[in-house]
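Structure first, then comments.
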Amino acid sequence: YIGKNAVIGDHCLIRESSIGAGCVVGAYTEVARSILMENAKIHYSYLADSMIGPGAKIGAGLLTTNKRLDRRTIRVQLQNKTIDSQRTAFGVLIGAQAVLGSRVMTMPGTIIPEKAVILPNQVLPIKSK
């Protein structure tokens, strides 16, 4: 699905995904099995098995890691609890109006809260075992 007034840049690959109204998927971006909510912006990135909240802005070069090396199910940290997602492919959840700088890499099951500001060149690991 591609919503009203969404912009899809040159040389993008979008598969099995939903792009909300007013979103921008800039040039050279791959979006796989993901949801971008209204007015989210991303460019020159790889986003897989993930969700970007409304109004979030992603700098160039986001790389989501969506599988563990051992291919086990992915666990996420939520309110000081470790929850098994029961999924072997799970990228990142990015909250509404969060801002990520260029070249951010996320490990499987990373959750970024709404209105968070992530500086460039960060690797965001999950905190579970």
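These numbers were taken from a predicted model, which means no experiment stands behind them.
- The aromatic rings of Y44 and Y28 sit perpendicular to each other, their planes meeting at more than 60°, with 30° as the lower class boundary.
- Looking at every heavy atom in both residues, A6 comes nearest to G20 through CB-O, 3.8 Å.
- When hydrophobic clusters are built by joining Ile, Leu, Val, Met, Phe, Trp and Tyr residues whose side-chain heavy atoms come closer than 4.5 Å, directly or via intermediates, L63 is grouped together with V123.
- Distance alone, capped at 3.5 Å, is enough to place a donor-acceptor pair between the S34 side chain and the D49 backbone.
- Clustering ILVMFWY residues whenever any of their side-chain heavy atoms sit less than 4.5 angstrom apart, transitively, puts I58 in the very cluster that holds I118.
- Counting all heavy atoms, side chain and backbone alike, A32 lies closest to S17 at C-OG, 3.5 Å.
- Under the 4.5 Å side-chain criterion, counting only non-hydrogen atoms from C-beta, E38 is in contact with P54.
- Under the side chain to side chain contact (heavy atoms under 4.5 Å, CB included) rule, P108 has a single partner from T88, T65, L69, which is T65.
- Cluster membership check: L13 does not share its hydrophobic cluster with L62, using side-chain heavy-atom separations under 4.5 Å among Ile, Leu, Val, Met, Phe, Trp and Tyr.
- Side-chain atoms of S85 never come within 3.5 Å of backbone atoms of T73 as a donor-acceptor pair (strictly under, hydrogens ignored).
- From N39, atom CG reaches atom NZ of K57 across 9.5 Å, with rounding to the nearest 0.5 Å.
- No single ILVMFWY cluster, assembled from side-chain heavy atoms under 4.5 Å apart, contains both V99 and M37.
- Between V25 and C12, the shortest heavy-atom distance links the atoms O-SG, 3.7 Å.
- In this structure a side-chain-to-backbone donor-acceptor pair under 3.5 Å is missing from T106 to V92.
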Checklist line | From CA spacing to verdict: side chain to side chain contact (heavy atoms under 4.5 Å, CB included), R75, Q77 | finding: CA-CA 7 Å; R75 297 180 182 149; Q77 283 294 127; over 6 Å; no
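- Counting heavy-atom neighbours within 6.0 Å of N80 CG, excluding the residue itself, gives a total of 12 or less.
- Residue K41 places its NZ atom among more than 12 non-hydrogen atoms of other residues, nucleotides or ligands, all under 6.0 Å distant.
- Atom CD1 in I74 sits 9.0 Å away from atom CZ in R71 (nearest 0.5 Å).
- Between Q97 and K115, some side-chain heavy-atom pair lies under the 4.5 Å cut-off.
- How far CG of L93 is from CD1 of I35: 9.5 Å, rounded to the nearest 0.5 Å.
- In this structure, L36 CG and S50 OG are separated by 9.5 Å, a value rounded to the nearest 0.5 Å.
- Summarising the geometry, atom OG1 belonging to T29 is positioned 12.5 Å from atom OH belonging to Y46; distances are rounded to the nearest 0.5 Å.
- Residue R33 places its CZ atom among more than 12 non-hydrogen atoms of other residues, nucleotides or ligands, all under 6.0 Å distant.
- I94 CD1 to E114 CD: the interatomic distance, rounded to the nearest 0.5 Å, is 13.5 Å.
- Note on I112: it clusters hydrophobically with L47, by side-chain heavy-atom contacts below 4.5 Å among ILVMFWY residues.
- What you find for G61 and S45 is that their closest heavy atoms are N-OG, 3.4 Å.
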